[in-house]
4 protein chains.
Amino acid sequence: MPRTKGQFETIRKESRQKILDAALEVFAKQGYHSATVDAITKTAGISKGLMYNYFKSKEDVLQELMLGIMEALMCEYMPLKSEEKFTEDDIINFINVGIDLVLEKPHYWKLYFSVALQPEVMSIVFGKMMEMGQPYMIAMNEYFRDKGVENPEVMMRYFSAVMDGIQFHCMLDPKTFPAEEVKKLLIGQFI
Amino acid sequence: MPRTKGQFETIRKESRQKILDAALEVFAKQGYHSATVDAITKTAGISKGLMYNYFKSKEDVLQELMLGIMEALMCEYMPLKSEEKFTEDDIINFINVGIDLVLEKPHYWKLYFSVALQPEVMSIVFGKMMEMGQPYMIAMNEYFRDKGVENPEVMMRYFSAVMDGIQFHCMLDPKTFPAEEVKKLLIGQFI
Amino acid sequence: MPRTKGQFETIRKESRQKILDAALEVFAKQGYHSATVDAITKTAGISKGLMYNYFKSKEDVLQELMLGIMEALMCEYMPLKSEEKFTEDDIINFINVGIDLVLEKPHYWKLYFSVALQPEVMSIVFGKMMEMGQPYMIAMNEYFRDKGVENPEVMMRYFSAVMDGIQFHCMLDPKTFPAEEVKKLLIGQFI
Amino acid sequence: MPRTKGQFETIRKESRQKILDAALEVFAKQGYHSATVDAITKTAGISKGLMYNYFKSKEDVLQELMLGIMEALMCEYMPLKSEEKFTEDDIINFINVGIDLVLEKPHYWKLYFSVALQPEVMSIVFGKMMEMGQPYMIAMNEYFRDKGVENPEVMMRYFSAVMDGIQFHCMLDPKTFPAEEVKKLLIGQFI
DNA sequence: TATGAATGAGGATTCATTCAT
DNA sequence: AATGAATGAATCCTCATTCAT
């Protein structure tokens, strides 16, 4: 009995995901350029040819992966509420979750950062990234405005940069970075 | 009649520097792996072979480059005084210079950050980097201790992370990042 | 529908052998260092890349080739019987076959000798060679001991050297070397 | 005061010899192809450029070296007397000196043998070699004819081959090869 | 005569991608 | 859908040779 359309669909999705997971692992460990298609497919437990059934190219895998990661991160980071304005609790949550996520999924972040540093690759995802980040920027802007910060736009960018710096150090040295204490400092500063 | 030892020395130094300069440019623009030896030597205006008169390999070029950059940056950043303790003015200077350097020499920083993200490459220079950074860490630690900060070690790591985050954003978006305002925020926070 | 495991196995074996055959031809004609990978793969009628699917490097090809050749030669030379002692007939056979093989397969011998002269290359296969030759040495030793030779160890080494010398000249000048007459001289001397 | 012509001549000769000596050493250790001009000139203690003042090319160095070696070996081997016929003592001497020379100057022999195995290189010197060896062949032929050997030509080729085989083994394993005992066996056989 | 920086053609090796099955 | 053998362009690196001084 032939498989139903739904079954095929399921198989396809699973295979795709297996490949993306493997790619993430290998990209994070070796960097995009050093990672070979062979390593990715071996990690995924499939043949080289099959990868090209699901993705146009190695670059396509990266692109899909990045979009998926960004979506996942944003999703987990904080589901933006409709009012589009952050409360103090939102910011506290943002800080806590932001740091915890790095400690939990350093792979995601290594890839995110390493891609952001590779000019050619960056252009692939930069536009999309800005677009997705926009609502958060706005919400944060509002938060600082409400707090009576003199120049909320500047503060927002300052805050973003600070968070990225913390996450960067967290990612590079998750063992000894004093994450919990730093969270407190952040909360003290931005609330 | 052959050239004198000194003449050869000069020639060697100049060629070496030409290669390092070119490598910096190309690595920063394309990333280490995408940068071809051909691109580096063409940029330097020399033959491919000559590069191998001065460096064992492409990797060796990167290594030498990174060490050179780190030394240069540290030098300009702030010549560490013998007392090994930062004053308020030192910190203000550190902040100002730190941000200005990124705006002036984005190449250096792109390379610095991109290397930090590539595990294989990182391992080449990590040890040396830590060693060179050590005195600054200690001096900063002392500064915060003197200021009566409760946990100077944590504050020092927080400060490093914040500075890196600022520099990172500065580097990615030098056009619109509000560098001057952020400097003021930093000084307000850490002095 | 992919090929079966067995089909792939067959394909691999055939390609591998094609490469080894081609390598033998080219190495023997041009020597190891002058032989280019391009020449080998063109001779084998395959792409350059494929060689690296089957062998780690050009050196690896040489190594595998030498081991294969030595095994093949030993096999044809004389399947060593379990008693591990040569009879007169064995020695006669050894002499005849030893010379005939050179005339039939000069390539094998050119490679064998040329490798023996290249220190870097030699070290790759020397150990294996000694190991494989050991039983023959012992069997010959026994033969001379049984014949009442005063110093069988010396005679054995003498015999080996003489055979190699004959084979060497045979190989260099197969057209005019009086192989048949020399066989008779050898048999007269060592039986 | 400028040097006299004679002095220049002397300097030239010495430099040439220094290069040839160095080349011999390096060729024997690494083989012709693996030996770099750099290694040769460094060993000789001169600059790369200077080598090309004395020799057209690396191949030219090899050629000159081979001719020199052959002449030297032949010279030491046995100054052929005018009668052009070997006596028993000549043959004994030939055997003894032939083996001793290998033990004393393995470098010369390694080069001699290794060159003989490299087809392209061989053609350069083969003609010359035959020409120089001719008188010895003839003299040996005469010796065996006088001894009443049935087929002196065959015996002569047999003898040459045997000597080469002994020398080959001597060269490959000078430490354990029983040179003295083998000399006696040879003398017993061919006198 | 002597130097060694510079060249560039040539060779080994890698790896994303294709394709017959 | 799935396989992995096969391809070849791209890349790193070597080294004999040249040349300005």
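Every chain is numbered from 1, with letters handed out A, B, ... down the list of sequences. In this text the structure is predicted, and so the values were computed from the model without any measurement.
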Next on the checklist: What is the separation between atom CD1 on C:Ile11 and atom C1' on F:dT3, rounded to the nearest whole Å?
Outcome noted: 11 Å
Checklist entry - In dot-bracket notation, what is the pairing pattern of DNA chain F, taking Watson-Crick (N1-N3 plus N6-O4 or O6-N4) and G-U wobble (N1-O2 and O6-N3) contacts under 3.5 Å, with [ ] crossing and | for other strands? => result .||||||||||||||||||||
Checklist entry - Reckon B:Tyr54 has a side-chain N or O less than 4.0 Å from the OP1 or OP2 of E:dA6? => result yes
Checklist entry - Can you find a side chain N or O atom of B:Arg12 that sits less than 4.0 Å from OP1 or OP2 on E:dA5? => result yes
Checklist entry - What's the shortest heavy-atom distance between D:Ile69 and D:Leu24, and which atoms? => result CD1-CD1, 3.9 Å
Checklist outcome for this item: note: D:Lys18, atom NZ; E:dT1, atom P; distance rounded to Å ~ 14 Å
Checklist outcome for this item: Correct closest heavy-atom pair for D:Phe55 and D:Asp60 would be CA-OD2, 3.5 Å
Item to check | Atom pair CD (B:Gln7) and OG1 (B:Thr10), whose distance is rounded to the nearest 0.5 Å | outcome: 7.5 Å
Checklist entry - When rounded to the nearest 0.5 angstrom, what is the spacing between CD1 in B:Ile40 and CD in B:Glu25? => result 10.5 Å
Checklist entry - A:Phe55 CZ to E:dA16 P: how many Å, rounded? => result 15 Å
Checklist outcome for this item: Shortest non-hydrogen pair, A:Ser57 vs A:Tyr52, comes out as CA-CE2, 4.0 Å
Next on the checklist: Each nucleotide in nucleotides 12-17 of chain F should get exactly one letter: B, S or -. Can you fill that in based on protein heavy atoms under 4.0 Å?
Outcome noted: SBBBSB
Checklist entry - Between D:Leu20 and D:Leu65, what is the shortest heavy-atom contact and its length? => result O-CD1, 3.5 Å
Checklist entry - Where is the tightest heavy-atom contact between B:Val37 and B:Lys48, given as atom of each residue plus distance? => result CG1-CG, 3.8 Å
Checklist outcome for this item: From CZ of C:Phe8 across to P of F:dA2 the rounded distance in Å is 14 Å
Checklist entry - Between F:dG8 atom P and C:Lys42 atom NZ, what is the distance in whole Å? => result 10 Å
Checklist entry - Atom CG of C:Asn53 to atom P of E:dC19: distance rounded to whole Å? => result 17 Å
Item to check | Check against side-chain contact (heavy atoms from CB on, under 4.5 Å), B:Glu59 and B:Tyr32 | outcome: CA-CA 9 Å; B:Glu59 189 176 307; B:Tyr32 173 70; 3.4 Å; yes
Item to check | Residue whose nearest DNA chain F nucleotide is more 5′ - B:Gln7 or A:Gly45 | outcome: A:Gly45
Item to check | A:Lys58 to A:His33 - nearest heavy-atom pair and separation | outcome: NZ-O, 3.6 Å
Item to check | Whole-Å distance separating the CD1 atom of C:Ile19 from the C1' atom of F:dT7 | outcome: 13 Å
